[in-house]
Amino acid sequence: KGVILSINPQAVIVDITHHIDPLDVIQAAYLIKSSYRYFPEGTVHLLVVDPGVGSDRAIVALKMMGHIFLAPDNGVLTLLLDEGKTDAIVSVENTRYFLEPVSRTFHGRDIFAPVSAHLCRGLDIKNLGSSLDQQNLVHLKISKPYSSGNHQLVGTVLWFDRFGNCISNIDAALLEKMDKSGSGKMLEVKIGKHTIKGISLSYAETEPKCPLAIIGGFGYLEIALNKGNAKHALGIEKGDTIMLTPKPE
């Protein structure tokens, strides 16, 4: 932040999160996809979930949908690239906009921060380096919910927020397709040994310390515990399977 403000004292810095699990690029990919749209056009989004720092992995700048994204080429942009047409993608190579010397382990300070500050001041991303083809970027193989037969939808727990809510890869649109009533009451959610009947509209719909399923603020199905920590209480881990089944009428 000090580097950014030294170059652009008028910059407004907003922290989306400091709670990405270490090295979890998929979690970061979901969070930036869910978050960027709440910022004004012209925002520069800085993604430094970078297990490959100091290696030969590239750094890319992406311009699309009125926003600029600066990130390592490690797949963290995968879900964004599915969102719409890109305006420009370049390899960040122009050392004129780096700090010197560049640390092998702290590119966030020495490359990402100064480059983002210059972008906030109006620098055209095309000045950062050569153009890249979207197809040549690293793309993550991100598991998607699927039908297992018998009208069941199978998803996966992706991450946990600081309250212990368990966030899945099942979005609200998929739930609406399964329950035409739109209420979610005709769905049964199973995770591990636990079965939850219906989708709640609020945490307070259940008794304290009782599990519930709810569509969270990012638009994905969550397993939660009213006034409790679902991850610990229910023994849920990342990668655990969530199954949704329509209840018989």
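Given the structure is predicted, the values throughout are model-derived calculations rather than measurements. One-based numbering along the sequence shown.
Considering every non-hydrogen atom in both N74 and V138, the closest pair reads C-CG1, 3.7 Å. What you find for K238 and D24 is that their closest heavy atoms are NZ-OD2, 2.6 Å. Minimum interatomic distance between F106 and V53 (heavy atoms only, all atoms of both residues): N-CG2, 4.3 Å.
Judged by distance alone, with hydrogens and angles left aside, the side-chain atoms of N169 form a donor-acceptor pair with the main-chain N or O of T156 at under 3.5 Å. Under the 3.5 Å distance criterion, the side-chain polar atoms of S116 are matched with a main-chain donor or acceptor of F112. Put simply, the side chain of S168 gets close to the backbone of L221: a donor and an acceptor are under 3.5 Å apart. Here the side chain of Q152 pairs no donor or acceptor atom with the backbone of S148 at under 3.5 angstrom. The closest donor-acceptor contact from the side chain of T78 to the backbone of L140 lies under 3.5 Å. Remark: side-chain polar atoms of K190 are not paired, donor with acceptor, to backbone N or O of I196 under 3.5 angstrom. Between the side chain of N94 and the main chain of N127, a donor-acceptor pair closer than 3.5 Å is present. Between the side chain of D73 and the backbone N or O of I59, no donor-acceptor pair lies under 3.5 Å.
Ring geometry for F69 against H45 counts as parallel: the plane angle stays under 30°, on a 0 to 90° scale with 60° as the upper cut.
Using a 4.5 Å heavy-atom threshold, the side chains of I214 and L201 count as separate. Residues V157 and I191 have side chains in contact (heavy-atom distance under 4.5 Å, counting atoms from C-beta outward). Inter-residue side-chain proximity for Y30 and W159 is flagged as met; some heavy-atom pair is nearer than 4.5 Å. Side-chain contact between Y203 and N165 is present, with at least one heavy-atom pair separated by less than 4.5 Å. The side-chain heavy atoms of Y36 and L80, taken from C-beta on, include a pair separated by under 4.5 Å. You'll find the side chain of S34 stays beyond 4.5 Å of the side chain of L31, heavy atoms only. K85 has its side chain out of reach of M64: every pair of non-hydrogen atoms, C-beta onward, lies at least 4.5 Å apart.
Residues I32 and I13 do not share a hydrophobic cluster, clusters being chains of Ile/Leu/Val/Met/Phe/Trp/Tyr side chains in contact below 4.5 Å.
Residue pairs meeting the side chain to side chain donor-acceptor pair (under 3.5 Å) criterion with at least one partner in residues 1-16, sequence neighbours excluded, are K1-D15, D15-H18.
Residues T245 and E188 bring no donor and acceptor atom of their side chains to less than 3.5 Å of each other. Side-chain contact of H107 with R57: a donor-acceptor pair under 3.5 Å is present, judged by distance alone.
Going from atom NE2 of H118 over to atom CD1 of I4 covers 11.0 Å, rounded to the nearest 0.5 Å.
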>> Run the side chain to side chain contact (heavy atoms under 4.5 Å, CB included) test on V154 and I242 for me, step by step, so that the C-alpha distance in whole Å, both residues' side-chain angles and the decisive distance to 0.1 Å come before the verdict.
In response: CA-CA 6 Å; V154 181; I242 297 179; over 6 Å; no
> Run the side chain to side chain contact (heavy atoms under 4.5 Å, CB included) check on L62 and T86 step by step: do they pass?
Replying inline: CA-CA 7 Å; L62 164 66; T86 61; 3.6 Å; yes
